[in-house]
Amino acid sequence: MSYVDEIISQVTEKNPAEPEFHQAVREVLDSIRPVIEKNEEKFRKDALLERLTNPERQIKFRVPWVDDNGNVQVNTGYRVQFNSAIGPYKGGLRLHPSVNLGIIKFLGFEQIFKNSLTGLPIGGGKGGSDFDPKGKSDREVMAFCQSFMTELSKYIGADTDVPAGDIGTGAREIGYMFGQYKRLRGVFEGVLTGKGLSYGGSLARTEATGYGLLYIVDELLRSHGNDIKGKTAVVSGAGNVAIYAIEKATQLGAKVVTCSDSTGWVYDPDGIDVAALKEIKEVKRARLTEYKNYRPNSEYHEGRGVWQIKADIALPCATQNELGIEDAKALVANKVTVVAEGANMPTTEEATKYLQDNGVFFIPGKAANAGGVATSALEMSQNSERLSWSFEEVDRQLKGIMEGIYHNIDDAAKRYGFEDNFVVGANIAGFEKVLDAMNAQGIV
Ligand code: NDP
Ligand code: 2IT
């Protein structure tokens with residue numbers, strides 16, 4: 001059996017009940033086969049892939065907090081410090097009832113290669129909890145965040161591990177966590193990114209993932225003699241990534257006609273009203289059913305459905321495995337030209353293959369949504385030099401990083417004879433730097 005296949009089955013056997021982690025490992029290892037096969041015996045002897053697929057450290061802890069009725073609630077917290085070959089662990093904290101160790105490991109594993117692609121010195125990690133911020137009072141969210149950070153603070157620091165936001169963790173949660181870290185450790189340092197602007201946050205971090213997604217799509221189209229102007233796009237999600245993807249797509253002259261949340265979706269034939277969406281989601285923390293009050297011409301539907309709408313560009317920005325084979329078939333039938341992942345692993349393996357086989361340009365999340373973590377690394381740089389850069393400066397750097405990622409993954413795909421396969425390109429390009437750093441540092 002080849003070394004890659006051996007490790008894929010070992011990971012599956014040794015980590016039962018972690019299907020998302022298996023999926024992420026399969027996708028990466030399948031892509032880097034040509035690199036591994038060139039030097040298979042050396043890598044096997046060095047147990048390179050065993051080291052790559054086993055986190056350096058995984059922390060699991062109890063998070064007790066008191067709800068508004070005076071009852072004690074207990075959640076489970078996680079931090080997986082996956083790989084620090086190229087820099088301190090870096091990656092978000094997900095707060096969602098579906099969170100378990102396998103999900104955090106899949107996200108942490110993806111983060112290693114994504115962070116490498118940014119070209120910045122950050123290793124891969126991820127954390128979170130099965131706590132659901134939805135429907136909780138501000139005081140309950142604060143109680144949870146303080147308890148979560150009380151334990152997490154033992155393992156993180158500006159030069160060791162720097163968490164950030166992800167699903168369910170936005171500016172409010174980062175604020176409460178930062179306050180508790182500072183109180184416990186007595187240091188004001190860049191231990192978290194996505195901070196508020198008054199206490200060390202970076203301009204453009206809020207917008208960065210969504211904006212970066214559109215910058216890379218634009219670069220792909222331009223490299224093929226086309227651009228975004230005049231295109232129709234479908235977006236899923238209505239959170240941080242989706243909102244700023246819709247905003248930038250609209251600024252670049254596209255019309256985005258859908259968005260969604262976990263209960264339903266909106267079709268707005270005139271183009272999503274970003275100001276209305278921000279008010280509903282960022283200010284009121286309400287459901288998308290409210291959108292119709294702002295835009296009487298729009299439609300609200302329960303359940304899922306955005307991938308059935310005809311569009312040139314599809315941007316899944318909600319969660320993992322939200323775009324399956326039937327969705328891919330509908331997109332292809334409607335002549336979609338680009339699918340770029342704003343979320344992490346939103347497209348199933350079968351759907352990805354179907355899109356690629358049918359000539360759709362497919363940019364995987366680790367390249368397409370890397371603008372968020374790249375801008376987090378720019379926030380770390382600003383914190384280190386105790387300066388703040390202008391919005392224009394951060395945005396300019398973000399755009400340059402996304403354009404660089406496009407050309408880097410395109411070149412890697414071509415070098416190995418997989419032209420236009422950006423999954424292979426992203427995994428190889430991300431892996432090469434990590435491999436070099438791991439080799440240089442010996443068996444650790
Ligand atoms: P938010 O919490 O801001 O928004 C998440 C959105 O997705 C919400 O509209 C939410 O709906 C929907 N959603 C979440 N879980 C599910 C689910 N199980 N089924 C259906 N809909 C769901 O998160 P972000 O926008 O920050 O994150 C979205 C994706 O982007 C995630 O995959 C994340 O890992 C990824 N990402 C985020 C980055 C960032 O900087 N924030 C950077 C790179 C990637 P509802 O509100 O109803 O739950
Ligand atoms: O998935 C991701 O890249 C993020 N949630 C952002 C991580 C970060 O450290 O900014």
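Counting starts at 1 for both ligands and their atoms, following the listed order.
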remark   = protein heavy-atom neighbour closest to atom 24 (P) of ligand 1 works out as Val241 CG2, 3.9 Å

request  = Determine whether the side chains of Asp68 and Ser137 contain a donor N or O and an acceptor N or O closer than 3.5 Å.
outcome  = yes

remark   = re atom 6 (C) of ligand 2, the protein heavy-atom contact at minimum distance is Arg205 NH2, 3.6 Å

request  = Assign the ring pair Phe391 / Tyr211 to parallel, tilted or perpendicular, where the plane angle (0 to 90°) is split at 30° and 60°.
outcome  = perpendicular

request  = Could you check which of Asn321, Asn240, Leu107 puts a non-hydrogen atom nearest to atom 26 (O) of ligand 1?
outcome  = Asn240

Closest protein heavy atom to atom 9 (O) of ligand 2, given as residue, atom name and distance to 0.1 Å = Lys90 NZ, 2.7 Å

request  = Check whether any heavy atom of Ser260 sits under 4.0 Å from an atom of ligand 1.
outcome  = yes

task = Determine, for Asp270 against Lys255, whether the closest basic-nitrogen to carboxylate-oxygen distance falls under 4.0 angstrom.
result = no

request  = Just go through Ala238, Cys259, Gly212 and tell me whose heavy atom is the nearest to atom 9 (O) of ligand 1.
outcome  = Ala238

query = Which part of Thr375 is near ligand 2, with near meaning a heavy atom under 4.0 Å away: side chain, backbone, both or neither?
reply = neither

request  = Considering only non-hydrogen protein atoms, determine which one is nearest to atom 32 (O) of ligand 1 and report residue, atom name and distance to 0.1 Å.
outcome  = Asn344 N, 3.1 Å

ask   = So Phe431 and Phe113, would you call those rings parallel, tilted or perpendicular, with 30° and 60° as cut-offs?
value = tilted

ask   = Hey, does Ser262 come in under 3.5 Å of ligand 1, counting only N/O atoms on both sides?
value = yes

key: Nearest protein heavy atom with distance in Å, relative to atom 48 (O) of ligand 1   = Lys134 NZ, 2.7 Å

query = What protein heavy atom sits nearest atom 10 (O) of ligand 2, and how far off is it?
reply = Ser376 OG, 2.5 Å

query = Counting heavy atoms only, which part of Glu322 comes closer than 4.0 Å to ligand 1: side chain, backbone, both or neither?
reply = neither

task = Please answer whether the main-chain N or O of Lys90 pairs with a side-chain N or O of Asn115 as donor and acceptor at a distance below 3.5 Å.
result = yes

note = Nearest non-hydrogen protein atom to atom 33 (C) of ligand 1, with distance, is Asp166 OD1, 3.3 Å

Lys353/Glu349 salt bridge by N-O under 4.0 Å criterion = no

query = Is it true that Met345 lies under 4.0 Å from ligand 1, counting heavy atoms only?
reply = no

query = Quick one: which of Thr263, Ile167, Thr193, Thr169 has a heavy atom closest to atom 14 (C) of ligand 1?
reply = Ile167

key: 4.5 Å side-chain heavy-atom contact, Asn344 and Asp166   = yes

key: Contact summary for Ala242 and Ala238, nearest pair of heavy atoms   = CB-N, 3.6 Å

note = Scanning both residues in full, the closest heavy-atom pair of Tyr267 with Ile309 reads CE1-CG2, 3.8 Å

ask   = Which of the numbered atoms in ligand 2 are below 4.0 angstrom from a heavy atom of Ala164?
value = 8 (C), 9 (O), 10 (O)

query = So, is Asp261 polar-close to ligand 1, with some N/O to N/O distance under 3.5 Å?
reply = no

message = Can you report which non-hydrogen protein atom sits closest to atom 19 (N) of ligand 1, along with the distance?
response = Thr319 CG2, 3.8 Å

query = Val63 and Ser147: which non-hydrogen atoms are nearest, and at how many Å?
reply = CG1-OG, 3.6 Å

query = Taking the non-hydrogen atoms of Gly194, is any one of them nearer than 4.0 angstrom to ligand 2?
reply = no

query = At what distance is the nearest protein heavy atom to atom 4 (C) of ligand 2, and which residue and atom is it?
reply = Lys126 NZ, 3.7 Å

ask   = So is Ser98 close enough to ligand 1, meaning a heavy atom under 4.0 angstrom away?
value = no

task = Measure across Ile228 and Ala249 and return the closest heavy-atom pair with its distance rounded to 0.1 Å.
result = CG2-O, 4.4 Å

message = So for Arg304, does at least one of its heavy atoms come nearer than 4.0 angstrom to any atom of ligand 1?
response = no

key: Side-chain heavy atoms of Leu48 within contact of Leu435, under 4.5 Å   = yes

key: Numbering as shown, the atoms of ligand 1 that approach Arg287 to under 4.0 Å (heavy-atom distance)   = 47 (O)

key: Candidate with minimal heavy-atom separation from atom 28 (C) of ligand 1, of Ala343, Ala318, Gly239, Gly237   = Ala318

inquiry  = What I want to know is whether Asn369 and ligand 1 share at least one N or O pair that is separated by under 3.5 angstrom.
reply    = no

request  = Kindly assign one of parallel, tilted or perpendicular to the pair Phe61 and Phe148, based on the angle between their ring planes and the thresholds 30° and 60°.
outcome  = tilted

query = Is Glu110 near ligand 2, meaning one of its heavy atoms is under 4.0 Å from it?
reply = no

query = Looking at Ile112 and Val434, what are the two nearest heavy atoms and their distance?
reply = CG2-CG2, 3.9 Å

key: Minimum-distance protein heavy atom relative to atom 7 (C) of ligand 2   = Gly92 N, 3.6 Å

query = Should Gln320 be counted as touching ligand 1, given the test is an N or O pair under 3.5 Å?
reply = no

ask   = How far is atom 3 (O) of ligand 2 from its nearest protein heavy atom, and which residue and atom name does that atom have?
value = Lys114 NZ, 2.8 Å

message = Geometry only, no angles: is Thr209 polar-contacting ligand 1 at N/O separations under 3.5 Å?
response = yes

key: Contact atoms of ligand 1, heavy-atom distance to Arg94 under 4.0 Å   = 31 (C), 32 (O), 33 (C), 34 (O)

ask   = Is the closest N or O pair between Ala242 and ligand 1 shorter than 3.5 Å?
value = no

key: Lys278 to Tyr244 six-membered ring, cation-pi geometry met (6.0 Å, 45°)   = no

query = Which class fits the ring pair Phe21 and Phe82: parallel under 30°, tilted 30 to 60°, perpendicular over 60°?
reply = tilted

key: Sub-3.5 Å N/O-N/O distance, Gly168 and ligand 1   = yes

Leu29 side chain near Ile32 side chain, heavy-atom distance below 4.5 Å = yes

query = Nearest to atom 15 (N) of ligand 1, what protein heavy atom do you find, and at what distance?
reply = His96 NE2, 3.6 Å

query = Any side-chain heavy atom of Arg94 sitting closer than 4.5 Å to one from Thr169?
reply = no

query = Less than 3.5 Å between some nitrogen or oxygen of Pro163 and one of ligand 2, yes or no?
reply = no

request  = Examine Lys126 against ligand 1 and note whether any of their N/O atoms are separated by less than 3.5 Å.
outcome  = no

inquiry  = Please check: side-chain N/O of Arg295 versus main-chain N/O of Gly271, any donor-acceptor pairing under 3.5 Å?
reply    = yes

request  = Go through ligand 1 atom by atom and flag the ones less than 4.0 Å from a non-hydrogen atom of Cys317.
outcome  = 28 (C), 29 (C)

request  = Check Pro364 against Phe362 and note the closest heavy-atom contact, atom names and distance.
outcome  = CD-O, 3.7 Å

query = According to the interplanar angle, ranging from 0 to 90°, do the rings of Phe422 and Phe361 count as parallel (below 30°), tilted (30 to 60°) or perpendicular (above 60°)?
reply = tilted

